[in-house]
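Remember, predicted model here, so these are calculated numbers, not experimental data.
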Amino acid sequence: MVVNLEWGAFDNATEVLPYTAHDNKLNRKSSNHGLQVFEKMISGLFLGEVARNAILSLVDQRLIFAGRSSEILNKSYTFDTAYMSEIVADQTPDLANVKVVLEGTLDIPPTSLIDRKVVQHVCNMIGTRGVRLSAAAMSAVLLARPELLASTVSVGIDGSMYQFYPNFERNLYSVSRVFLGEDFVDNRLKLHLAKDGSGVGAAIVAMTVDRDRNR
């Protein structure tokens with residue numbers, strides 16, 4: 001059995017998912033307002049912007065950067081999700097890599113270690129939420145077909161978060177254990193990177209249908 005998931009539009013009615021003011025701001029200002037709302041909470045295309053909104057909210061409250069921002073950070077989609085990955089991965093004592101991103105790349109005035117720790121925590125929370133929502137959605141699909149849990153299930157995952165965000169795959173397995181149980185996740189769930197997942201998935205379905213017709 002092949003299941004091709006296109007779940008980016010889940011909860012476009014915004015009635016179920018745990019939205020924040022930062023998600024609402026992104027959705028309100030996006031070119032496809034009100035559409036693909038789940039994708040906007042888990043996709044590498046959007047999570048950097050969610051983080052930028054959250055960081056600017058703290059700036060406006062004068063909780064970080066002494067209330068100062070920069071022309072770069074003030075512009076939409078300038079805080080790339082790749083910056084999130086670099087910031088979360090930084091384990092240096094003074095968060096030197098975070099400092100480079102904030103001051104060198106985004107031209108923010110000199111930051112304190114507390115500033116950098118707060119930004120790292122914000123990025124980590126947004127990335128962790130993305131992992132947990134992805135695991136919940138994947139698990140819900142599998143739990144809807146409990147007979148599949150007796151067999152090995154391979155899940156192909158596309159996207160920069162799965163490919164590049166620190167420990168995304170490991171954490172996806174970890175959260176999935178909560179929903180699907182340790183036995184299934186540790187022994188029968190196989191996660192794989194699948195570039196161009198939608199196209200490949202459609203091709204596999206077409207190939208399978210064609211094969212069955214010719215039997």
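- Between S69 atom OG and N74 atom CG the span is 3.5 Å, to the nearest 0.5 Å.
- Side-chain atoms of D115 and S112 form a donor-acceptor pair, as typed in the model, at a separation below 3.5 Å.
- N124 places no side-chain N or O within donor-acceptor distance of the main-chain N or O of V88, the cut-off being under 3.5 Å.
- A salt bridge links D183 with R188: the closest approach of a Lys/Arg side-chain nitrogen to an acidic carboxylate oxygen falls below 4.0 angstrom.
- Minimum heavy-atom separation, F38 to L17: CD1-CD1, 3.5 Å.
- When atom types are taken as modelled, the side chain of E182 and the backbone of R177 share no donor-acceptor pair closer than 3.5 angstrom.
- Shortest non-hydrogen contact noted between R52 and Y77 is NE-N, 3.8 Å.
- Side-chain contact of T111 with K99: a donor-acceptor pair under 3.5 Å is absent, judged by distance alone.
- Nearest approach of M84 to F79, heavy atoms of both residues: CG-CE2, 3.7 Å.
- Residues meeting the side-chain hydrogen bond (donor to acceptor under 3.5 Å, both in side chains) test with Y83, sequence neighbours left out: none.
- Between R116 and D94, the closest heavy-atom pair is NE-O, 3.0 Å.
- The distance from atom CG of L73 to atom CD1 of I108, rounded to the nearest 0.5 Å, is 4.5 Å.
- Minimum interatomic distance between N27 and H33 (heavy atoms only, all atoms of both residues): O-ND1, 2.9 Å.
- Legend: residues meeting side-chain hydrogen bond (donor to acceptor under 3.5 Å, both in side chains) with D23, ordered by chain and number and at least two apart, are T20, R129.
- Atom CD of E39 sits about 11.5 Å away from atom CH2 of W7, to the nearest 0.5 Å.
- Side-chain N or O atoms of T105 include none that pairs as donor or acceptor with a backbone N or O of L102 at under 3.5 Å.
- One N or O on the side chain of S70 and one on the backbone of L106 form a donor-acceptor pair closer than 3.5 Å.
- Within the structure, ring-ring contact (aromatic ring centres under 6.0 Å, His included) pairs that include any residue of residues 55-75 do not occur (at least two apart or interchain).
- Taking all atoms of both residues into account, the shortest heavy-atom contact from L26 to N53 is N-ND2, 3.7 Å.
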